Amino acid sequence: KCTNRYCNCVSAPIFLVEQKLLRILAEWLEKYKIANKGEKVINTEAETKMLEKIKKEIEKIESQILNTYDLVEQKVYTPEIFTQRIKILTDKKTEFTAQYGEIEDKIKSMQNKVKRNLEIIPAIENVLVQYNDLSSATEKNVLLKSVLTKIKYAKDTPNRKGQLLNDNFSLDIYPKV
C-alpha cells in the first residue's frame with residue numbers, strides 16, 4: 001500500500017502480475033504462431049521481375065540520352081529540341097528510378113518482416129522458459145525488455161480482505177514485432 005494517503009494507485013501482488021504477464025505472453029505467442037504460420041519464406045519473384053523491367057527501361061533511356069547528344073552534335077537537333085528531349089528523358093528516368101527504389105524498399109520490408117517473425121518466436125519462448133528461473137528483478141526486466149517494448153498495467157478497484165489472489169487488473173503487452 002502506498003504511504004501517501006492521497007495516492008489513487010491501486011496495486012497488486014507482484015507474483016500475480018508476473019503470472020498473468022507470462023500467461024498473456026504465452027497466449028499472444030500461440031496466436032502469433034497461427035497467424036504467421038506460412039510466412040517463413042517470402043516470394044519476391046514478381047517484384048524481382050519488375051525490378052529487371054525497370055532496370056532495362058532505365059538503360060534504354062540512358063541510351064536515348066546519349067543518342068540525343070549525338071544528334072545535337074550532328075546538328076540534327078536544334079538546341080531547343082535537344083533541351084526539350086533531354087527534359088522528357090530525364091523526367092522518365094527519374095520516374096523509373098523512383099519506382100525502382102520503391103520496389104526495393106518493399107522487398108526489404110518483406111524480408112525484414114520474415115526475419116522479425118523468425119526471431120521473435122524463439123525469443124518469447126526463451127522468456128517463457130527462463131523467466132521463473134531468474135532471481136533478481138533486474139534480470140527479469142532485461143529479459144522482458146528483449147521482447148517487449150512496453151506493458152500497460154491498469155487496476156481500478158483494490159482487492160478486499162481475503163481476496164489476495166484475485167487478479168482483477170489488466171495488462172496490455174506490446175511485443176517487438
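Everything numeric in this text was worked out from a predicted model, so none of it was measured. For the single chain, residues carry numbers from 1 onward in sequence order.
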- request: Sort out for me which residue in Val147, Leu144, Thr149, Leu148 forms a side chain to side chain contact (heavy atoms under 4.5 Å, CB included) with Ile173.
  value: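 The single option meeting the side chain to side chain contact (heavy atoms under 4.5 Å, CB included) with Ile173 is Leu148.
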- request: Show your reasoning for whether side chain to side chain contact (heavy atoms under 4.5 Å, CB included) applies to Glu125 and Lys33.
  value: CA-CA 11 Å; Glu125 288 172 343; Lys33 282 180 180 179; 2.6 Å; yes
For [X] and [Y], indicate whether the former's side chain and the latter's backbone hold a donor-acceptor pair under 3.5 Å.
| X | Y | result |
| --- | --- | --- |
| Ser63 | Glu59 | no |
| Thr48 | Thr44 | yes |
| Thr78 | Ile81 | yes |

Joint cluster assignment, [X] & [Y], ILVMFWY side-chain distance < 4.5 Å:
| X | Y | answer |
| --- | --- | --- |
| Leu71 | Leu89 | yes |
| Tyr174 | Leu22 | no |
| Ile24 | Val129 | no |
| Ile54 | Ile65 | yes |
| Val142 | Ile151 | no |

Any non-hydrogen side-chain atom of [X] less than 4.5 Å from a side-chain atom of [Y]?
| X | Y | value |
| --- | --- | --- |
| Leu66 | Glu62 | no |
| Asp167 | Arg23 | yes |
| Leu171 | Lys152 | no |
| Thr68 | Tyr77 | yes |
| Lys56 | Lys53 | no |
| Tyr32 | Trp28 | yes |
| Tyr131 | Leu25 | no |
| Gln19 | Leu16 | yes |

Reported [atom1]-to-[atom2] distance for the pair [X] and [Y], which is rounded to 0.5 angstrom:
| X | Y | atom1 | atom2 | answer |
| --- | --- | --- | --- | --- |
| Asp105 | Glu47 | CG | CD | 12.5 Å |
| Ile124 | Glu30 | CD1 | CD | 10.5 Å |
| Ile103 | Glu52 | CD1 | CD | 11.0 Å |
| Tyr100 | Glu57 | OH | CD | 13.5 Å |
| Lys106 | Leu51 | NZ | CG | 10.5 Å |
| Leu21 | Lys140 | CG | NZ | 10.5 Å |

field: Nearest heavy-atom neighbours spanning Glu119 and Pro122
entry: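 Minimum heavy-atom separation between Glu119 and Pro122: O-CD, 3.4 Å.
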message: Could you report the tightest heavy-atom contact between Pro79 and Thr83, atom names first, then the distance?
response: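 Heavy-atom minimum between the residues: O-OG1, 2.7 Å.
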Under 6.0 Å from the [atom1] atom of [X], do we count more than 12 heavy atoms belonging to anything else shown?
| X | atom1 | answer |
| --- | --- | --- |
| Lys176 | NZ | yes |
| Lys155 | NZ | yes |
| Lys20 | NZ | yes |
| Met110 | CE | yes |

task: Might you work through the side chain to side chain contact (heavy atoms under 4.5 Å, CB included) test for Asn126 and Leu143, ending with a clear yes or no?
output: CA-CA 9 Å; Asn126 181 45; Leu143 188 64; 4.2 Å; yes
